[in-house]
J.: 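The structure that follows is given in the form of structure tokens.
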Amino acid sequence: MIRYAKPTTVDEALALLGEGAWRILAGGTDFYPAQGAKPFRDNVLDINGLTSLRGILETDDHFVIGARTTWTDIIRHPLPPAFDALKQAAREVGSPQIQNVASVAGNLCNASPAADGVPGLLILDAEVELSSTAATRHLPLPDFILGNRRTALKPGEMVTAIRVPKPAGTSAFVKLGARRYLVISIAMAAARLVVENGTVTEAAVAVGSCSAVAKRLAGVERALRGRRADDGLAAAVKSAPMTELSPIADVRGSAEYRLDAVREIVARAVLTAAGPMTDLTVAAA
């Protein structure tokens with residue numbers, strides 16, 4: 001017998017998770033497509049009734065994004081410029097109809113290498129809040145997504161929020177696909193820069209679709225820090241090591257093409273984050 005439950009409180013949901021195995025249904029935009037033609041065997045825990053998990057709360061030192069917060073919520077909420085990359089990524093998550101129901105936490109739990117929201121959260125040093133009846137714990141996002149379709153969720157746990165330390169700077173997101181809209185990315189990049197007196201004092205750069213998990217690029221970040229915020233940033237990006245990346249070849253592009261293309265889109269994201277100074281910041285098509 002397959003069970004279906006739609007709790008109205010987080011405590012009720014966690015109690016059910018503590019009783020046995022459930023497949024959590026949040027926005028549901030990937031839920032049925034992922035099933036394919038296989039017979040449905042899982043108990044379904046529908047968390048769409050958990051209104052307390054939807055919305056963005058600002059505390060003294062964090063922005064807390066509830067697990068049921070949608071991409072449309074991200075787009076519409078007033079957030080500082082450091083979140084611009086995440087807002088731009090939100091507009092790339094399928095169509096507006098998908099953005100209206102798909103949740104930020106669902107995008108993370110799906111753990112796709114091409115998840116549009118992950119690079120923008122990585123550059124914000126986001127952490128994931130995991131709750132169970134026993135405890136609540138917080139994991140940095142790189143420790144939560146372990147691989148393709150693999151996360152650090154334990155039995156009885158669910159994601160209840162994404163926590164972002166109040167960030168400085170400005171950010172940008174660039175996605176490369178076979179067409180402009182409604183496409184899975186060939187490669188994507190997010191960059192956040194803090195510029196003081198014309199010099200980059202802080203840099204965070206992340207790339208998706210070029211490894212099993214989206215990655216921060218430590219070598220690129222080092223190459224950017226201390227440089228003047230001008231067109232020379234692009235040259236720094238293109239000569240910096242990107243050893244974290246290990247793209248595959250698939251129907252969307254070869255591994256070699258991805259490695260070539262990603263340097264260009266990282267450079268474009270960095271230049272856009274640095275501010276209006278060049279005509280080279282047009283988004284990749």
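Positions are given from 1, in the same order as the sequence printed here. Since this is a predicted model, take the numbers as computed values, not measurements.
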J.: Pair I2, D42 - check side chain to side chain contact (heavy atoms under 4.5 Å, CB included), show working.
T.: CA-CA 6 Å; I2 296 174; D42 299 326; over 6 Å; no
J.: Considering only heavy atoms from C-beta outward, does the side chain of L108 approach that of V118 to under 4.5 Å?
T.: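 Yes. Closest side-chain heavy atoms under 4.5 Å.
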J.: Would one find more than 12 heavy atoms of other residues, nucleotides or ligands at under 6.0 Å from atom CD1 of I184?
T.: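 Atom CD1 in I184 is not packed in, count stays at 12 or less.
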J.: Heavy atoms only: give me the nearest K238-A267 pair and the separation to one decimal.
T.: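 Smallest heavy-atom distance, with atoms named: CE-CB, 4.1 Å.
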J.: Nearest 0.5 Å, what's the CZ-CG distance between F144 and L130?
T.: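 F144 CZ to L130 CG: 5.5 Å, rounded to 0.5 Å.
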J.: Any non-hydrogen side-chain atom of K166 less than 4.5 Å from a side-chain atom of E58?
T.: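 The answer is yes, as the side chains (C-beta and beyond) meet within the 4.5 Å cut-off.
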J.: Between Q99 and T72, is any side-chain donor less than 3.5 angstrom from a side-chain acceptor?
T.: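 The criterion, which ignores hydrogens and geometry beyond distance, is not satisfied for T72 and Q99.
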J.: Would you call H77 and F83 a side-chain contact if the rule is heavy atoms closer than 4.5 Å?
T.: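 Side chain of H77 against side chain of F83, heavy atoms only: no contact under 4.5 Å found.
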J.: For D61, does the CG atom sit with more than 12 other heavy atoms under 6.0 Å from it, leaving out its own atoms?
T.: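 Yes - once you tally the heavy atoms of other residues, nucleotides and ligands closer than 6.0 Å, there are more than 12.
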J.: Under 3.5 Å, is there a donor-acceptor pair between the side chain of R258 and the main chain of S209?
T.: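 Yes: the side chain of R258 pairs with the backbone of S209.
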J.: Which heavy atom in P113 sits nearest to a heavy atom in A212, and how many Å separate them?
T.: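 Closest approach of P113 to A212, heavy atoms only: CG-O, 3.4 Å.
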J.: Any chain of hydrophobic side-chain contacts (each under 4.5 Å) joining L233 to V194?
T.: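 No, it is not one cluster - the side chains of L233 and V194 are not joined through contacts under 4.5 Å.
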J.: Only one of D73, N48, T69 forms a side chain to side chain donor-acceptor pair (under 3.5 Å) with R54, so which one is it?
T.: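 Only match with R54 under side chain to side chain donor-acceptor pair (under 3.5 Å): D73.
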J.: Could you go through D143 and H138, starting from their C-alpha distance and side-chain angles, then the distance that decides it, and tell me whether this counts as side chain to side chain contact (heavy atoms under 4.5 Å, CB included)?
T.: CA-CA 10 Å; D143 295 336; H138 299 94; over 6 Å; no
J.: Rounded at 0.5 Å granularity, tell me how far CG in D30 sits from OG in S112.
T.: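 Answer rounded to 0.5 Å: 8.0 Å.
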J.: With a 4.5 Å limit on heavy-atom distance, are the side chains of I162 and L121 in contact?
T.: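 I162 reaches L121 side chain to side chain.
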J.: When clusters are formed by joining ILVMFWY residues with side-chain heavy atoms under 4.5 Å apart, either directly or through shared neighbours, do V93 and V174 land in the same one?
T.: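 No.
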J.: Measuring from atom CG of D11 to atom OG1 of T9, what distance do you get when rounded to the nearest 0.5 angstrom?
T.: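 Output value for this atom pair is 5.5 Å.
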J.: Among E221, K215, R216, whose side chain to side chain contact (heavy atoms under 4.5 Å, CB included) with V205 holds?
T.: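 Exactly one candidate clears the test, E221.
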J.: Evaluate the side-chain proximity of L122 to R192: yes if any heavy-atom separation is below 4.5 Å, no if none is.
T.: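 Heavy-atom side-chain distance check fails, nothing below 4.5 Å.
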J.: Is any side-chain heavy atom of I74 closer than 4.5 Å to one of I65?
T.: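 Answer yes - side chains close enough.
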J.: Of all the heavy-atom pairs spanning A255 and P247, show the shortest one and how long it is.
T.: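 Heavy atoms of A255 and P247 come nearest at CB-O, 3.5 Å.
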J.: Taking a hydrophobic cluster as the set of Ile, Leu, Val, Met, Phe, Trp and Tyr residues connected by side-chain heavy atoms closer than 4.5 Å, whether directly or through intermediates, do F31 and W22 fall within one such cluster?
T.: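 Different hydrophobic clusters.
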J.: Tell me whether R76 at atom CZ has more than 12 heavy atoms from other residues, nucleotides or ligands lying less than 6.0 Å away.
T.: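 It does not: R76 CZ has 12 such atoms or fewer within range.
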J.: Please report the interatomic distance CG(L25) to CG(L45), rounded to the nearest 0.5 Å.
T.: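 Answer rounded to 0.5 Å: 8.5 Å.
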J.: Please answer whether the main-chain N or O of D84 pairs with a side-chain N or O of S171 as donor and acceptor at a distance below 3.5 Å.
T.: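 Yes, the answer is positive, given that a donor and an acceptor are paired below the 3.5 Å cut-off.
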J.: Could you pull out the closest heavy-atom pair between R227 and A236, with the gap in Å?
T.: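 Heavy-atom minimum between the residues: NE-CB, 3.3 Å.
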J.: Pairing donors with acceptors under 3.5 angstrom, does anything connect the side chains of T199 and R228?
T.: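 Looking only at side-chain atoms, R228 and T199 do form a donor-acceptor pair, the distance falling under 3.5 Å.
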J.: Would a hydrophobic clustering, with Ile, Leu, Val, Met, Phe, Trp and Tyr connected at side-chain separations under 4.5 Å, put V104 with L153?
T.: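 They do share one cluster, since a chain of ILVMFWY contacts under 4.5 Å joins V104 to L153.
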J.: For the CD1 atom of I145 and the CG atom of N110, what is their distance to the nearest 0.5 Å?
T.: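 Reported value, rounded in 0.5 Å steps: 9.5 Å.
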J.: Could you pull out the closest heavy-atom pair between I123 and A190, with the gap in Å?
T.: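 Where I123 meets A190 most closely, the heavy atoms are CG2-O, 3.6 Å.
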J.: Does a sphere of radius 6.0 Å around OH in Y257 hold more than 12 heavy atoms from other residues, nucleotides or ligands, not counting ones at 6.0 Å or beyond?
T.: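 Check fails, neighbour count at 12 or below.
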J.: Are any of the side-chain heavy atoms of S132 and L17 separated by less than 4.5 Å?
T.: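 The answer is no, as the side chains (C-beta and beyond) never meet within the 4.5 Å cut-off.
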J.: Run the side chain to side chain contact (heavy atoms under 4.5 Å, CB included) test on V207 and E244 for me, step by step, so that the C-alpha distance in whole Å, both residues' side-chain angles and the decisive distance to 0.1 Å come before the verdict.
T.: CA-CA 9 Å; V207 164; E244 296 88 349; over 6 Å; no
J.: Go through E129 and V64 one step at a time and tell me if the side chain to side chain contact (heavy atoms under 4.5 Å, CB included) criterion holds.
T.: CA-CA 10 Å; E129 181 180 278; V64 181; 5.5 Å; no
J.: Once rounded to the nearest 0.5 Å, what's the spacing between atom CD1 of I265 and atom CE of M188?
T.: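 Rounded to the nearest 0.5 Å, the CD1-CE separation comes to 8.5 Å.
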J.: From the options M158, K6, E12, select the one residue that forms a side chain to side chain contact (heavy atoms under 4.5 Å, CB included) with L50.
T.: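 It is M158, the one option of M158, K6, E12 that forms the side chain to side chain contact (heavy atoms under 4.5 Å, CB included) with L50.
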J.: Is it possible for you to say whether V10 and L16 belong to one hydrophobic cluster, with membership spreading through side-chain heavy-atom contacts below 4.5 Å?
T.: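 Hydrophobic grouping puts V10 with L16.
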J.: Minimum heavy-atom separation for A178 to V183, with atom names?
T.: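 Nearest pair, atom of A178 first, then V183: N-CG2, 3.8 Å.
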J.: Can you see whether N43 engages R23 through a side-chain donor-acceptor pair at a distance of less than 3.5 angstrom?
T.: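 Absent: no donor and acceptor within the cut-off.
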J.: Would you indicate whether the side-chain heavy atoms of L124 and F63 approach each other to under 4.5 Å?
T.: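 They are not in side-chain contact.
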